[in-house]
Amino acid sequence: MSRTTVTTIIPELDDPMIVVGQWLDQAVSDALQPNPNAMTLATAGPAGRPSARIVLVKALERQQGYAEFYTNHGSRKASGLRENSWAAGVMHWDASGRQLRFEGPVVKSPDEASDRYFASRPWRSQINACASRQSQPLTGPTDLEQAAQRLAQAYGAPDPFGTAEPAHAPCIPRPHFWGGYRFWFAVIEVWASGRDRFHERVRFERDLRAMDEFSFATGSWSHTRLQP
Ligand SMILES: Cc1cc2nc3c(=O)[nH]c(=O)nc-3n(C[C@H](O)[C@H](O)[C@H](O)COP(=O)(O)O)c2cc1C
């Protein structure tokens, strides 16, 4: 007589954002790896050639289902997204045997959200964001550092080579070429490591309909369990 015991790691859920939020929260509180909010973000420009890099998820909107990250609007990823807003992302926490995969459109964050986040960053990070033309070639290895030092001096840093900020640090406006993006999830695949490579995979999908340049009307999620 055969006997089957089924113990699922991923619970039956209508909304995958519950798992996404719980897993991210747990990875942050467990602190088992640096940058538990790291996501590999893959974009594909008009020729359809993918390119991938890490970005840090700075906010997770659990009701609407998007993640926010910050970058330079002139970077390679940004120009890829201008041509093709559909992206794919992966978050992986090796110590807990968990992976999340995401697919969907990426749109710029509203200016007010980018201004708020930029203002919350350390002074030096603000200076360096202003100085960097991310993904552009450097003519010399110290160019960027020198540009950042000139800027720090212009903003009144006591020692442009040091990290100290001026006593009365003037407010640095967010440069127009730097800001947030919101990655709206149309597909989320939740993966949990199982015994003897019997991993669990659940793929969630929903429709997104563009409402304006920043947001989408969201359909309800449907899901399918997949073989590992
Ligand atoms: C741990 C880690 C975190 C990173 N976080 C960001 C980030 O939040 N935003 C960003 O623009 N680049 C970040 N980077 C750098 C990117 O991976 C990448 O080198 C850069 O954005 C340029 O990519 P692009 O030329 O494809 O646009 C991070 C890199 C690492 C290793």
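The analysis underlying the following values was restricted to heavy atoms, covering all of them including side chains, and did not include hydrogens, waters or symmetry mates. We count ligands from 1, going down the list as the structure has it; atoms in each ligand are counted the same way.
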Q.
I'd like the name of whichever of K77, Q136, K58, R76 reaches closest to atom 22 (C) of ligand 1 through any heavy atom.
A.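 Answer by nearest heavy atom: K77.
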[atom1]/[X] to [atom2]/[Y] distance, rounded to the nearest 0.5 angstrom?
{"X": "Q136", "Y": "L144", "atom1": "CD", "atom2": "CG", "answer": "12.0 Å"}
{"X": "E205", "Y": "H223", "atom1": "CD", "atom2": "NE2", "answer": "12.0 Å"}
{"X": "T40", "Y": "I54", "atom1": "OG1", "atom2": "CD1", "answer": "3.5 Å"}
{"X": "T43", "Y": "E83", "atom1": "OG1", "atom2": "CD", "answer": "11.0 Å"}

When you check the gap from the basic side-chain N to the acidic O, do [X] and [Y] get nearer than 4.0 Å?
{"X": "E68", "Y": "R182", "value": "yes"}
{"X": "D15", "Y": "R62", "value": "no"}
{"X": "E189", "Y": "R201", "value": "yes"}

Backbone, side chain, both or neither: what part of [X] comes under 4.0 angstrom of ligand 1, heavy atoms only?
{"X": "Q134", "result": "side chain"}
{"X": "T71", "result": "both"}
{"X": "F69", "result": "neither"}

Q) Ring centres of H199 and W191 under 6.0 Å apart? A) yes
Heavy atom of the protein closest to [atom] (residue, atom name, distance):
{"atom": "atom 1 (C) of ligand 1", "value": "N35 ND2, 3.4 Å"}
{"atom": "atom 8 (O) of ligand 1", "value": "L56 N, 3.0 Å"}
{"atom": "atom 24 (P) of ligand 1", "value": "S135 OG, 3.6 Å"}
{"atom": "atom 9 (N) of ligand 1", "value": "Y70 O, 2.9 Å"}
{"atom": "atom 14 (N) of ligand 1", "value": "I54 O, 3.2 Å"}

Q: Using distance alone, determine whether R53 and ligand 1 share an N or O pair under 3.5 Å.
A: yes
Q) For ligand 1, which atoms have a heavy atom of S75 less than 4.0 angstrom away? A) 27 (O)
Q | Under-4.0 Å heavy-atom contact between protein and atom 19 (O) of ligand 1 | A | no
